Number of protein chains: 2
Amino acid sequence: MSESNPSLRERHRTRTLAEIHQAALELVGECGYGDTAVDAIAERAGVSRRTFFNYYPSKEAAVLGATEPRISEAARERFLDPTTGDEFARTVRLFMDVLRDATGPPEFTARRHELVENNPELKRRVGMHITTVESLVVSTVVEHSAQGTTPRSEETSHAFVLLAGAVIKFAFRTNTHLATTLDDDAVQLALDHAIGVFRTALKEIS
Amino acid sequence: MSESNPSLRERHRTRTLAEIHQAALELVGECGYGDTAVDAIAERAGVSRRTFFNYYPSKEAAVLGATEPRISEAARERFLDPTTGDEFARTVRLFMDVLRDATGPPEFTARRHELVENNPELKRRVGMHITTVESLVVSTVVEHSAQGTTPRSEETSHAFVLLAGAVIKFAFRTNTHLATTLDDDAVQLALDHAIGVFRTALKEIS
DNA sequence: CTGCACTTGTGCAAGTTTGCACTCATGCAT
DNA sequence: ATGCATGAGTGCAAACTTGCACAAGTGCAG
């Protein structure tokens, strides 16, 4: 009842989340981040200020559409399915999936990216956000490793995840258009390529 | 904060009221009154069934957009203002105002009228509705008469109101297009004319 | 007739939104 | 510096919405 067949409550929550985010993007686009009051965003979104803070913990989060990161059932299943790639590739994808789930709707990706690019406060917030995702992914990978046939040390799993994060960062740095595209396949392709590059590089140092 | 400068809560309430009413009109238009389920109306309006019944006490009421009749501040003030006509004319207008306030948005008047015309259940409900309005107007007029300089008996006030109701009925019967117009002035004009006709007729019997 | 399915309408508990009254921090004018 | 306005963010109670379970009525197949 929560992943694919949302109740009225969940649908409404999703809609409000998007409405506040969209209102925030519009107003920040019109007036700039500093000159946009939370009150104004709430009003345009058609909710009270209190409700605004029920949905987003801060103005920054609303502008980014950043929701509290969590591992969705879909993402977890994809990660646990061994037929969809080797474990490192699956870890990269898990990281990417969680990142996406905790980010506002894809249709606003371009605008968000632009705002973040020239706004230090937002940039800082994105960093914190990614760190949170990282921890989540770490615990998932650690947990899975413990239950697997060839358990890895927690330390190794942790490094594994940081490596996955680096791959993603690398893929987006070397393909700047990825940050503003809606094409999931293109992202996946770039990630796969980045994984290859990393594998090669890692051979050099091992 | 309640008549002209509605709070977020009141605005939302008004919107939901209209959304349910509109959904009801649409579905009844598409499927007929009997074949339209409350569940379907609620779903189209984007609310739960329980909320549907929080807004309207029955399916009929939702189709009619009939809200619990009450005397608004504006209507009361208009009635109490002696510069806007003699007491009978003001009573007619009070009746009309309350009727309008307890009816769905004017833009759906035509469709409502059509549905009521060929649907006995709705017709019955409209009758009950008008009776409720009548009682309300009676108590207002009685109350005002008691405080006036020339108090009238309660019985006389009651007759006064029924007379006002008859004037309205007469005006709409003899100007069928009034039932589907959005032109308030045209309605007022027709009412004024009807009042004249009644005055003449009453002279004959007094 | 009997059982079954379906619909209207209601009671209630749990979850959500609102309004309001704060606190805290920042900036700005006196 | 001191007061003063403004904006972010929070706690709380009251109002509202939702989901669910249930009563009552209606129609219809067997």
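Being a predicted model, the structure only gives us computed values, none of them experimental. Residue numbers start from 1 in every chain, and the chains themselves are labelled A, B, ... in the order their sequence lines are given, proteins ahead of strands.
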For Glu43(B), is the CD atom crowded, meaning more than 12 foreign heavy atoms sit under 6.0 Å from it? no

Is Glu30(A) atom CD crowded by more than 12 heavy atoms from other residues, nucleotides or ligands, each under 6.0 Å away? yes

Specify the separation, in whole Å, of atom [atom1] of [X] and atom [atom2] of [N].
X        : N       : atom1 : atom2 : answer
Glu43(A) : dG19(C) : CD    : C1'   : 15 Å
Arg15(B) : dT17(C) : CZ    : P     : 13 Å
Glu19(A) : dT17(C) : CD    : P     : 11 Å
Phe52(B) : dG9(C)  : CZ    : P     : 7 Å
His12(A) : dT16(C) : NE2   : C1'   : 9 Å
Ile20(A) : dT16(C) : CD1   : P     : 14 Å
Tyr56(B) : dT8(C)  : OH    : P     : 16 Å
Asn54(B) : dT8(C)  : CG    : P     : 16 Å

Protein-nucleotides 26-28 of chain D N/O pairs under 3.5 Å:
none

Nearest 0.5 Å, what's the NE2-OG1 distance between His129(B) and Thr132(B)? 6.5 Å

Any side-chain heavy atom of Ser153(A) within less than 4.5 Å of one from His158(A)?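 A side-chain contact is absent here, since even the closest heavy-atom pair is not under 4.5 Å.
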
Kindly indicate whether the side chain of Arg70(A), heavy atoms from C-beta on, has any atom under 4.5 Å from the side chain of Val98(A).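 No, their side chains stay 4.5 Å or more apart.
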
Would one find a side-chain N or O of Ser7(B) under 4.0 angstrom from OP1 or OP2 of dG19(C)?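 Checking Ser7(B) against dG19(C): at least one side-chain N or O falls below 4.0 Å of OP1 or OP2.
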
Counting only side-chain N and O atoms of Ser48(B), is one of them less than 4.0 Å from OP1 or OP2 of dT17(D)? no

Under 4.0 Å, counting only non-hydrogen atoms across every strand here, what does Thr16(A) touch: a base, just sugar-phosphate, or nothing?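 Nothing, no nucleic acid heavy atom in range.
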
Could you tell me whether Tyr55(B) contacts a base, only the sugar-phosphate backbone, or nothing, with contacts defined as non-hydrogen atoms closer than 4.0 Å?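 The residue Tyr55(B) makes sugar-phosphate contact but no base contact.
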
Could you check Phe53(B) against Leu8(B) and say which one's nearest nucleotide on DNA chain C is further toward the 5' end? Phe53(B)

Sidechain N-carboxylate O distance under 4.0 Å for Glu60(A), Lys123(A): no

Is Asp81(B) salt-bridged to Arg90(B), cutoff N-O under 4.0 Å?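 No, no charged N to carboxylate O under 4.0 Å.
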
Among dT18(C), dT18(D), dA8(D), which nucleotide sits nearest the side chain of Val47(B)?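 Of dT18(C), dT18(D), dA8(D), dT18(D) is nearest to the side chain of Val47(B).
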
When you measure only distances, ignoring hydrogens and angles, does the side chain of [X] come within 3.5 Å of the base of [N] through a donor and an acceptor?
X        : N       : value
Arg13(A) : dG15(C) : no
Arg49(B) : dG9(C)  : yes
Arg50(B) : dG11(C) : yes

